[in-house]
Amino acid sequence: MIKITLPDQSIKQFNPGITGLEIAKSISEGLARNVLSISVNGETRDLHRPIHEDARIKLHTFDDREGKATMWHSSAHLMAAAIEELYPGTKFGIGPDIDQGFYYDIDLGDRSISSNDFEKIEQKMLEIARRKEPFVRKEIPKKEALEYYSEKGDEYKVDLINDLEDGTISFYTSGNFTDLCRGPHLPDTGTIKAVKLLNTAGAYWRGDESRKQLTRVYGISFPRQKMLKEYMEMLEEAKKRDHRKIGREMELFAFSAKVGQGLPLWLPKGAELRENLEKFLKQVQRKAGYKPVISPHIGHKNLYVTSGHYEKYGEDSFRPITTPSEGEEFFLKPMNCPHHCEIYKNKQYSYKDMPVRLAEFGTVYRYEQSGELHGLTRVRGFTQDDAHIFCRPDQVKEEFIAVIDIVLHIFKALDFSDYSVQISLRNPANKEKYIGSDENWERAEKAIIEATEEKGLTGEIVTGEAAFYGPKLDFMVRDALGRKWQLGTIQVDYNLPERFDLEYTGADNLKHRPVMIHRAPFGSMERFVAVMIEHCGGNFPLWLTPDQAIILPISEKYEKYAKKVFNLLNNYEIRTLIDERSEKTGKKIRDAETRKIPYMLIVGEKEEASETISVRKHGEGDIGVFSVDAFAKLVEEETLKMIQP
RNA sequence: GCCGAUGUAGCUCAGUUGGUCAGAGCAGCUGAUUUGUAAUCAGCUGGCCGGGGGUUCGAAUCCCUCCAUCGGCUCCA
């Protein structure tokens with residue numbers, strides 16, 4: 001007998017050779033129906049692979065990440081099988097599962113497929129799925145594997161196998177499709193009940209621009225038809241919330257081919273929204289001891305030679321601007337830190353002055369490849385809510401904690417309740433890649449880890465993901481649709497203080513090198529506004545939204561009273577509009593609702609007589625009659641609730 | 001930059017195989033209406049069918065090219 005330890009620490013005894021599926025059956029029929037794969041001592045495996053020794057196991061269903069991965073990976077094989085049947089002679093690259101579904105990179109030779117062909121392929125996939133073709137694992141020597149694919153003429157698989165270590169290689173066969181694959185897979189194709197191909201794209205073989213471009217077909221699959229329906233509805237909802245669409249509808253921002261691609265134009269309402277965000281952060285930062293600074297939009301080439309950016313990005317940036325007579329070269333500012341280093345250098349500092357925190361909403365320009373541009377999330381000109389903290393090495397941790405506090409405060413004010421962090425550390429096996437002393441790295445990494453622990457942040461630590469100049473902490477949020485976005489970042493930097501020869505005088509009267517912390521809680525205003533729009537679908541928090549209330553007079557007769565209310569609300573600094581059109585109240589309400597204005601204030605005969613307003617809340621309806629003062633109080637409370645620390 | 005797709009009024013979209021095909025709804029403007037919690041009625045103005053070139057007796061429709069947008073790839077200080 002072997003001992004199988006389940007995740008709840010209970011131990012069950014089985015005969016050696018038991019399979020995951022049999023274990024599942026011994027627990028419950030329902031689990032046996034839904035289980036997709038199994039982890040054995042931390043390694044994800046096929047359900048039907050026998051287990052011969054004591055092991056800790058976990059059974060995976062579609063509810064967990066591993067189960068989804070198995071379903072989608074097997075679906076990639078299923079799609080490949082369907083494509084091979086429909087387009088014989090197709091060569092296959094790689095076909096992994098991804099965050100949302102799967103893809104397969106294929107080489108169709110002279111043919112091509114487009115979304116018009118999707119239905120045909122989906123039908124073929126379902127046809128094969130219904131045959132319940134088992135996924136059969138086979139291990140064969142590398143040499144045989146090479147012969148098989150050489151004969152088949154599939155150079156991509158040959159390429160992949162050549163990179164594998166000598167020995168046996170695993171293959172999976174389902175029906176007449178055999179694929180080089182580590183696994184694991186579903187027991188058979190029958191578990192795949194619903195498939196949908198989503199789009200196609202070009203993808204370089206092995207991600208290498210110089211190699212051949214294959215056709216990548218994306219798809220997703222589910223164990224139930226209903227789940228596919230829900231997924232498609234989620235996609236629809238995401239489409240409705242697309243910040244490019246809402247940005248146009250709500251007149252927040254626009255692009256103009258004449259101004260240039262990737263250069264956003266902030267319209268009055270968008271500018272208002274952004275200013276509200278900036279005002280909020282400026283206030284928070286002032287309290288946290290930041291000093292505002294302002295630096296120009298261009299900088300001398302020498303600045304970027306010193307910072308190292310010229311060497312690294314000079315060729316791939318906008319061409320330099322040269323002066324007519326002297327021929328001096330200037331670059332559009334791609335980041336604020338070099339300027340801020342020079343601001344720091346303008347003065348001598350004692351250890352008692354540290355930390356020095358310089359903040360700027362600095363607009364930067366970066367050349368992004370044309371195909372990369374995307375709405376407000378990827379642009380060529382954007383504004384960072386940037387700040388650089390120059391501190392002593394022993395202050396890194398407390399500064400980190402203070403920055404985390406700011407980030408969390410912002411998340412609360414903007415209703416992002418689901419967030420996590422990623423700590424990126426250096427790869428200790430490859431220290432040459434990084435600059436800065438071991439001591440400083442260890443201190444900084446320890447500081448980041450401790451700071452996140454003290455703040456109770458959940459997240460993962462990834463070694464080898466640090467920048468060459470220091471470790472970093474990135475914040476990820478999930479929006480209302482469960483999509484993950486990377487927002488703020490905090491980075492420790494040993495490089496720039498060195499390059500700019502920054503120093504402060506210590507208690508020992510010697511010169512010391514400060515540590516620099518880059519931080520941007522929003523990241524960029526453009527990107528953040530985009531995420532914000534998609535998170536709330538354009539229904540911004542009251543304190544942020546460009547127009548907070550709109551007065552709807554029942555008829556022209558009450559315009560005078562409407563103006564009076566308007567003036568009173570102005571005194572309370574409530575951003576208010578009046579709808580003076582000769583429309584019926586129903587129409588005015590409908591329009592205000594579509595414009596996503598939080599409060600509609602209806603004024604007619606009754607209200608004028610009693611000096612009140614009838615308040616209707618967006619998305620909710622009539623909430624009763626208020627005096628202007630009472631309404632102002634309501635707005636104030638709702639605002640404070642969000643933005644107070 | 002690369003692969004693929006798309007581009008018709010401010011917005012959303014119709015326009016069969018090239019031959020009254022330049023249209024609709026919303027928005028906008030004008031007038032009437034003076035309105036009570038998600039659309040009052042009527043009339044009118046909007047487009048060189050993304051730009052340029054070509055094929056043709058004839059192009060929104062076919063071809064080339066450029067531009068922009070979309071989905072990815074590569075990139076992202």
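Given the structure is predicted, the values throughout are model-derived calculations rather than measurements. In what follows, every heavy atom counts, from backbone to side chain, and hydrogens, waters and symmetry copies are set aside. Just so it is clear: chains get the letters A, B, ... in the order the sequence lines come, proteins before strands, and each one is counted from 1.
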Original post:
Is B:rG10 syn or is it anti, if syn means the base angle is within 90 degrees of 0?
Top reply: anti

Subject >> Separation between the C1' atoms of B:rG47 and B:rA77, rounded to whole Å >> reply: 45 Å

**OP:** Would you indicate what A:Thr215 reaches in the nucleic acid, counting non-hydrogen atoms under 4.0 angstrom: base, sugar-phosphate, or nothing?
**Re:** nothing

Subject >> Heavy-atom donor-acceptor pair, A:Tyr204 side-chain to B:rG1 base, under 3.5 Å >> reply: yes

Subject >> Set of ring pair (Phe, Tyr, Trp, His ring centres under 6.0 Å) partners for A:Phe400, sequence neighbours left out >> reply: none

Subject >> Those residues of residues 295-316 of chain A lying under 4.0 Å from RNA chain B by at least one heavy atom >> reply: A:His309, A:Tyr313

Original post:
Near RNA chain B, under 4.0 Å by heavy atom, which residues of residues 332-340 of chain A?
Top reply: A:Pro334, A:Met335

Original post:
Quantified in whole Å, what is the C1' atom distance between nucleotide B:rC76 and nucleotide B:rA22?
Top reply: 44 Å

**OP:** Go through the N and O atoms of the side chain of A:Glu251 and the base of B:rG10, and report whether any donor-acceptor pair is under 3.5 Å.
**Re:** no

Subject >> Distance, P atom - from B:rU55 to B:rC63, rounded to whole angstrom >> reply: 15 Å

**OP:** With rounding to the nearest 0.5 Å, note down the distance linking CG in A:Asp105 to NZ in A:Lys91.
**Re:** 14.5 Å

Original post:
Any luck finding a side-chain donor-acceptor pair between A:Glu360 and A:Ser295 under 3.5 Å?
Top reply: yes

**OP:** Examine the base of B:rC76 for any acceptor or donor lying under 3.5 Å from a partner atom in the side chain of A:Arg378, and report the outcome as yes or no.
**Re:** yes

Original post:
Does the B:rU33 base have a donor-acceptor partner in the side chain of A:Ser582 within less than 3.5 Å?
Top reply: yes

Original post:
Do A:Asn539 and A:His618 have side-chain atoms, one donor and one acceptor, less than 3.5 Å apart?
Top reply: yes

**OP:** Quote, to the nearest angstrom, the C1' distance that separates B:rG31 from B:rG50.
**Re:** 37 Å

